[in-house]
Amino acid sequence: MLYINILKCYLCRLKFATKKMEIVLKEKIKEAVKIVYNSDVTDDLIQIQETRKDFKGDFTLVVFPLLRFSKNTPEKTGETIGNYLMDNFPVVSGFNVIKGFLNLEISDAWWVEFFGIMASEKTHFENCLVLKPETILVEYSSPNTNKPLHLGHIRNNLLGYSLYRILSACGHKVIKTNIVNDRGIHICKSMLAWQKFGNGETPQSSGMKGDHLVGKYYVLFDKEYKLQVERLVSQGMEENEAKNSAPLMTEARDMLLKWEADDNKVVDLWKMMNSWVYSGFDVTYKKLGVDFDKIYYESETYKIGKDIVLSALKDNILYKNDDTSIWADLTAEGLDQKLLLRSDGTAVYMTQDLGTAVNRFNEYHFDKNIYVVGNEQNYHFQVLKAILKKMGYSWSDGLIHFSYGMVELPEGRMKSREGTIVDADDLIKEMQETAKDVSLELGKLSDFSAEEKEDIFRKIGLGALKYYILKVDPRKNMTFNPVESIDFNGNTGPFIQYTYTRIKSVFRKAEQLGIQTGMKDFTGVKAGPKEIDLIKLLRKFSETVSVAAIGYSPAILANYCYELSREYNQFYHDFPILGEDDPALRNFRLLLSKLTSEVIYSGMWLLGIEMPERM
RNA sequence: GGUUCCGUAGCUCAGUUGGAUAGAGCAACAGCCUUCUAAGCUGUGGGUCCCGCGUUCGAGUCGCGGCGGAAUCACCA
């Protein structure tokens, strides 16, 4: 009899260990209700959640929904079900009922065994894989070529790149794309200012990064233009008219027309200045650690957009105004009229986005096309989708605007006029320097070469910056506080990196002492509550990745990494690892540490954050 | 005015499909380095979850109505 029980117990562990405990419990509880109350329950009535820390137990059944079957008090019902599980499901080692909550205790041995299975999985992403992988385009960055990247772009790039890694980890085929806004009146402004005031200055001659040089002339245009407007207003002209007829503005508009007419001189200037900007962007992208599989240029897609608009006009999907401008009427969709081609025939932003979307679909036949674009463009994407739908492109349902919030400074929005734009290159540099200062003060890296040290400072500085931005829910506007962002304690990237390096350090020490690591023999180990807490948290990794993918939220993953690091540090503080005399327990703790470091590494990797081996 | 998003501790933020006494970090104060990295750990204080009504066994979470903030509604991108 005893033998049979042990065998039964063993079988049920083996069978259930690889499944999710919640699912198994659900089945067992269904069975309990069937047998004890002679009723069939639907899945949604059985709510299992992890037991809150303040109570004893591992999983909790909310019994309120089951009262209709038991026709009894919550306490009695919980007790009945608890007793049934105790008798029929050996993994349950105890239970208690508080109010309407049945707290189930899972045997420590089960957790240890489950941990063994987790530790032998090849990758930690195995359980994240989706059944039906999709082809997903992720568009991010989308810079203008008239000024350098700033803090807002950093959030955009980090979100886009992390989204790429998270979706890929779930088995999707993800293509990273970037659309460069390389045409339009704003580009002409920089070009015109350079032509007029530049005296042939180049990145080489000035020693300036190309994107910064071009940005300088964009600002200069604005300055000179404002002076002209002021002058006209003081001569008695009305402000709006002055803005329209200021010589610099009319010249810029002329230039755009010439550009669209392929005027050689203008196109050559445009090519030269854009190439400056691109080489500048490349440097910044590289520093940020982001890249792209395919780069689109508006200058190449706006004509496709024009063709699409003209053909839709022929099909009477669009209409022509008296002044020959072309519009979409979206009032039936609850939106407004939208201009698609100006009366002079030139394209607008929407025109080229239509072109890009169609172009992309023809190229990739994507299931989803995710636009990582700020929430200031919510309306734009609503309109884009509506127009494509109207034009009969059924795949427009797969267009997703991943709308993220603005980055504000403590004193409000960044404004170029007030010079409060936080430049991407400057910020990266500052973060690295701060990392350097902190590291040197702590003085733990004295045996490293200068080059190795710089690499560590870079990882820490960027880790701090990336984590600071990614830990916030992408949909929300966030405040960037320059003082707080360089804090390396608490809920920060460096804290997580530090936890990782601590574990690495344990293994280095083990090697020095000749202690074998990676031993999976820990039979009979009695794990403590802290260790089981860690196992529970590690177990949640794959689920967290899935949730982050479905919700398009790297923040969920970032917060998970933090929680795991905190949990591990508590464990690390209270329990010896290498100092543990019992070899089985030492093996167990070593493996627990190893798995933790791997999960932290994987989680941070999905965020695009590099981990130093020492710090 | 229309549409969308947001409102949680002094500050910055968590809070998976509605669940128990709402959590972290920073800042403040008090402890812990002769032992695997103190970028760590432990403790104390700090809340009208914007307000009201509703839905129900149960609402920070869902619905409606207010209040407050942001974005947008361009022949700019």
Side-chain angles (χ1 to χ4, degrees), chain A residues 44 47 49 51-52 54-55 60 62 64-65 67 74 98-101 103 142 144 146 181 183-187 298 321 323 325 327 334-336 338-344 346 348-350 352-353 374-380 382-383 403 405-406 408 410 413 435 438-439 441-442 444 460 464 468 471-473 475-481 483-485 487-492 494-499 501-510 513 540 543-544 546-548 550-551 553 555-556 558-559 562-563 565-566 569-570 572-580 589 593 614-615:
Chain A
D44 56 307
Q47 295 174 33
Q49 52 200 245
T51 304
R52 291 183 55 132
D54 338 321
F55 300 95
T60 296
V62 185
F64 291 109
L67 300 185
I98 295 165
K99 292 186 190 169
F101 299 91
N103 299 322
S142 341
N144 290 347
N146 61 334
N181 302 310
R183 60 162 287 277
I185 189 84
H186 55 295
I187 316 294
E298 274 193 18
N321 218 342
D323 61 1
S325 55
W327 297 73
L335 301 162
D336 273 325
K338 181 72 194 177
L339 175 89
L340 295 180
L341 277 183
R342 295 190 185 101
S343 46
D344 64 4
T346 55
V348 291
Y349 180 42
M350 186 60 77
Q352 71 80 22
D353 247 8
N375 61 13
E376 57 196 348
Q377 292 193 31
N378 286 351
Y379 185 75
H380 173 81
Q382 238 180 306
V383 172
S403 163
M406 300 284 100
E408 283 160 14
R413 215 179 160 177
V438 173
S439 287
E441 198 174 320
L442 291 170
K444 296 177 186 174
I460 298 171
Y468 183 85
K471 74 173 173 179
V472 181
D473 183 343
R475 289 171 306 161
K476 291 188 178 177
N477 287 357
M478 65 174 289
T479 308
F480 179 85
N481 187 326
V483 180
E484 255 180 59
S485 67
D487 197 344
F488 290 178
N489 302 318
N491 189 356
T492 64
F495 168 83
I496 298 167
Q497 291 172 322
Y498 178 69
T499 310
T501 57
R502 274 182 136 180
I503 299 174
K504 286 285 153 183
S505 173
V506 170
F507 281 86
R508 270 194 304 274
K509 191 88 178 184
L513 296 174
K540 277 168 76 178
E543 185 194 331
T544 306
S546 301
V547 172
I550 292 164
S553 178
I556 291 173
N559 283 297
Y562 171 64
E563 204 185 333
S565 299
R566 207 161 46 93
N569 274 322
Q570 288 165 11
Y572 179 93
H573 184 265
D574 291 341
F575 299 93
I577 301 167
L578 297 173
E580 173 58 47
R589 287 184 182 157
S593 300
R614 273 185 56 182
M615 63 190 275

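Note: hydrogens, waters and symmetry copies are ignored here, and every other heavy atom, side chains too, is used. So that the names make sense, note that chain A is the first sequence line, chain B the second, and so on, each numbered from 1.
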**Student:** Is the phosphate of B/A38, meaning OP1 or OP2, less than 4.0 Å from a side-chain N or O of A/Arg502?
**Tutor:**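 Answer is yes, contact under 4.0 Å.
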**Student:** Tell me the interatomic distance from A/Ile503, atom CD1, to B/U37, atom C1', rounded to whole angstroms.
**Tutor:**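 Going from CD1 in A/Ile503 over to C1' in B/U37 covers 12 Å.
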**Student:** Nearest-Å distance, CG (A/Asn481) to P (B/A27)?
**Tutor:**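 In whole Å, B/A27 P and A/Asn481 CG are 12 Å from each other.
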**Student:** Output a table of nitrogen or oxygen pairs between the protein and nucleotides 22-26 of chain B separated by less than 3.5 Å.
**Tutor:**
unit_1, atom_1, unit_2, atom_2, d
B/G23, OP1, A/Arg52, NH2, 2.8
B/A24, O2', A/Tyr562, OH, 2.7
B/G25, O2', A/Asn491, N, 3.4

**Student:** As an exercise, state the distance from NZ of A/Lys444 to CE of A/Met615, rounded to the nearest 0.5 Å.
**Tutor:**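 It is 7.5 Å, given to the nearest 0.5 Å.
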**Student:** Using a cut-off of less than 4.0 Å, is there contact between a side-chain N or O of A/Tyr349 and OP1 or OP2 of B/A77?
**Tutor:**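 No, outside the criterion.
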**Student:** Taking the P atom in each of B/A9 and B/A24, what is the distance between them to the nearest angstrom?
**Tutor:**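 Per the computed distance, 15 Å lies between those P atoms.
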**Student:** Using whole Å, report how far CZ of A/Phe480 lies from P of B/A70.
**Tutor:**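 After rounding, the reported distance stands at 22 Å.
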**Student:** Using the C1' atom as the reference point in each nucleotide, state the distance between B/C51 and B/C67 in Å, no decimals.
**Tutor:**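 It comes out at 7 Å once rounded to the nearest Å.
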**Student:** In Watson-Crick or G-U wobble terms, both distances under 3.5 Å, what is the partner of B/G25?
**Tutor:**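 WC or wobble partner is B/C11.
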**Student:** Please report, rounded to the nearest Å, how far the P atom of B/A39 is from the CG atom of A/Asn569.
**Tutor:**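 Going from CG in A/Asn569 over to P in B/A39 covers 11 Å.
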**Student:** Using the C1' atom as the reference point in each nucleotide, state the distance between B/G58 and B/A39 in Å, no decimals.
**Tutor:**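 Going atom to atom, C1' in each nucleotide, I get 43 Å.
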**Student:** Identify whether a stacking contact exists between A/Phe55 and B/A20, where the ring centres must be under 5.5 Å apart and the planes under 30° apart.
**Tutor:**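 A/Phe55 ring centre within cut-off of B/A20 base, planes near parallel; stacks.
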**Student:** Is there a donor-acceptor contact under 3.5 Å linking the side chains of A/Asp344 and A/Thr346?
**Tutor:**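 Looking only at side-chain atoms, A/Thr346 and A/Asp344 do form a donor-acceptor pair, the distance falling under 3.5 Å.
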**Student:** Classify the nucleic acid contact of A/Phe495 as base, sugar-phosphate or nothing, counting any heavy atom under 4.0 Å across all strands shown.
**Tutor:**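 It contacts sugar-phosphate atoms only.
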**Student:** Which of the following nucleotides, B/U37, B/A39, B/C73, is nearest to the side chain of A/Pro494?
**Tutor:**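 Nearest to the side chain of A/Pro494 among the choices is B/A39.
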**Student:** Which of the following nucleotides, B/C36, B/G15, B/A71, is nearest to the side chain of A/Val506?
**Tutor:**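 Of all the options, the side chain of A/Val506 is nearest to B/C36.
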**Student:** Is the backbone N or O of A/Pro576 less than 3.5 Å from a side-chain atom of A/Arg589, with the two atoms forming a donor-acceptor pair by type?
**Tutor:**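 Yes: the side chain of A/Arg589 pairs with the backbone of A/Pro576.
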**Student:** For nucleotides 54-62 of chain B, list the nitrogen or oxygen atoms of the protein found under 3.5 Å from its nitrogen or oxygen atoms, one pair per line.
**Tutor:**
none

**Student:** Nearest whole Å is fine: how far is B/U3 P from A/Asn375 CG?
**Tutor:**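 One finds 18 Å between P of B/U3 and CG of A/Asn375, rounded.
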**Student:** I would like to know whether A/Lys476 and A/Glu408 meet salt bridge (Lys or Arg N to Asp or Glu O under 4.0 Å); could you show each step before the answer?
**Tutor:** CA-CA 11 Å; A/Lys476 291 188 178 177; A/Glu408 283 160 14; over 6 Å; no
**Student:** Determine: side-chain N/O of A/Lys476 to OP1/OP2 of B/A14, distance under 4.0 Å, yes or no.
**Tutor:**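 Result: yes.
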**Student:** So, is B/C33 syn or anti if syn means the angle is within 90° of 0?
**Tutor:**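 With its glycosidic angle within 90° of zero, B/C33 counts as syn.
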**Student:** Measuring from the side chain of A/Arg342 (C-beta onward, heavy atoms only), which nucleotide among B/U72, B/A77, B/A39 has the closest atom?
**Tutor:**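 Nearest to the side chain of A/Arg342 among the choices is B/A77.
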**Student:** Grab the two heavy atoms, one from A/Leu339 and one from A/Trp327, that are nearest each other, plus how far apart they are.
**Tutor:**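 Closest heavy-atom pair between A/Leu339 and A/Trp327: N-CE3, 3.3 Å.
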**Student:** Work out how far the C1' atom of B/U42 is from that of B/G47, and round it to whole angstrom.
**Tutor:**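 My reading of the C1' atoms in B/U42 and B/G47 gives 24 Å.
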**Student:** May I have the distance from A/Tyr468 (atom OH) to B/C13 (atom P), rounded to whole angstrom?
**Tutor:**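 The distance from OH of A/Tyr468 to P of B/C13 comes to 7 Å, rounded to the nearest Å.
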**Student:** What integer number of Å spans the C1' atoms of B/G18 and B/C57?
**Tutor:**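 One C1' to the other, the span is 12 Å.
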**Student:** Mind checking what makes side chain to side chain donor-acceptor pair (under 3.5 Å) contact with A/His380, not counting sequence neighbours?
**Tutor:**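 With neighbours one apart ignored, the set is A/Asp353.
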**Student:** Under 4.0 Å from OP1 or OP2 of B/C13: is there any side-chain N or O of A/Thr479 that close?
**Tutor:**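 For A/Thr479, the contact criterion (side-chain N or O under 4.0 Å from OP1 or OP2 of B/C13) is met.
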**Student:** Within less than 4.0 Å of OP1 or OP2 of B/U21, is there a side-chain N or O belonging to A/Lys99?
**Tutor:**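 For B/U21, OP1 or OP2 has a side-chain N or O of A/Lys99 closer than 4.0 Å.
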**Student:** Ignoring backbone atoms, establish whether A/Arg475 has a side-chain N or O less than 4.0 Å from OP1 or OP2 of B/C6.
**Tutor:**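 Looking at the OP1 and OP2 atoms of B/C6, one of them is under 4.0 Å from a side-chain N or O of A/Arg475.
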**Student:** Using a 4.5 Å cut-off on heavy atoms from C-beta on, say whether the side chain of A/Thr499 contacts that of A/Tyr562.
**Tutor:**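 Side-chain contact under 4.5 Å: no.
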**Student:** At their closest point, which heavy atom of A/Asn559 faces which heavy atom of A/Lys471, and how far apart are they?
**Tutor:**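 That closest heavy-atom pairing would be ND2-O, 3.3 Å.
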**Student:** A/Gln377 or A/Ser439: which one's nearest nucleotide on RNA chain B is closer to the 5' end?
**Tutor:**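 The residue mapped nearer the 5' terminus is A/Ser439.
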**Student:** Any side-chain donor paired with an acceptor under 3.5 Å for A/Arg502 and A/Asn569?
**Tutor:**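 There is such a pair (donor and acceptor under 3.5 Å, judged by atom type) between the side chains of A/Arg502 and A/Asn569.
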**Student:** Give me the distance, rounded to whole Å, that separates B/G7 from B/U48 when you measure between the C1' atoms they each carry.
**Tutor:**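 Result for the C1' pair: 14 Å, nearest Å.
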**Student:** When the distance from NZ of A/Lys444 to C1' of B/C36 is rounded to whole Å, what number comes out?
**Tutor:**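 It is 13 Å, rounded to the nearest whole Å.
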**Student:** With both distances under 3.5 angstrom, what nucleotide forms a Watson-Crick or G-U wobble pair with B/G68?
**Tutor:**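 Because both required distances fall under 3.5 Å, B/G68 counts as paired with B/C6.
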**Student:** Going through the distances and angles, do A/Leu340 and A/Lys338 end up as a side-chain contact (heavy atoms from CB on, under 4.5 Å)?
**Tutor:** CA-CA 6 Å; A/Leu340 295 180; A/Lys338 181 72 194 177; 4.2 Å; yes
**Student:** Between P on B/U37 and OH on A/Tyr498, what's the gap in Å once rounded to a whole number?
**Tutor:**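 After rounding, the gap between these two atoms is 8 Å.
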**Student:** Would you check if the distance from the ring center of A/Phe55 to the ring center of A/Phe101 is below 6.0 Å?
**Tutor:**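 A/Phe55 vs A/Phe101: aromatic centres not under 6.0 Å.
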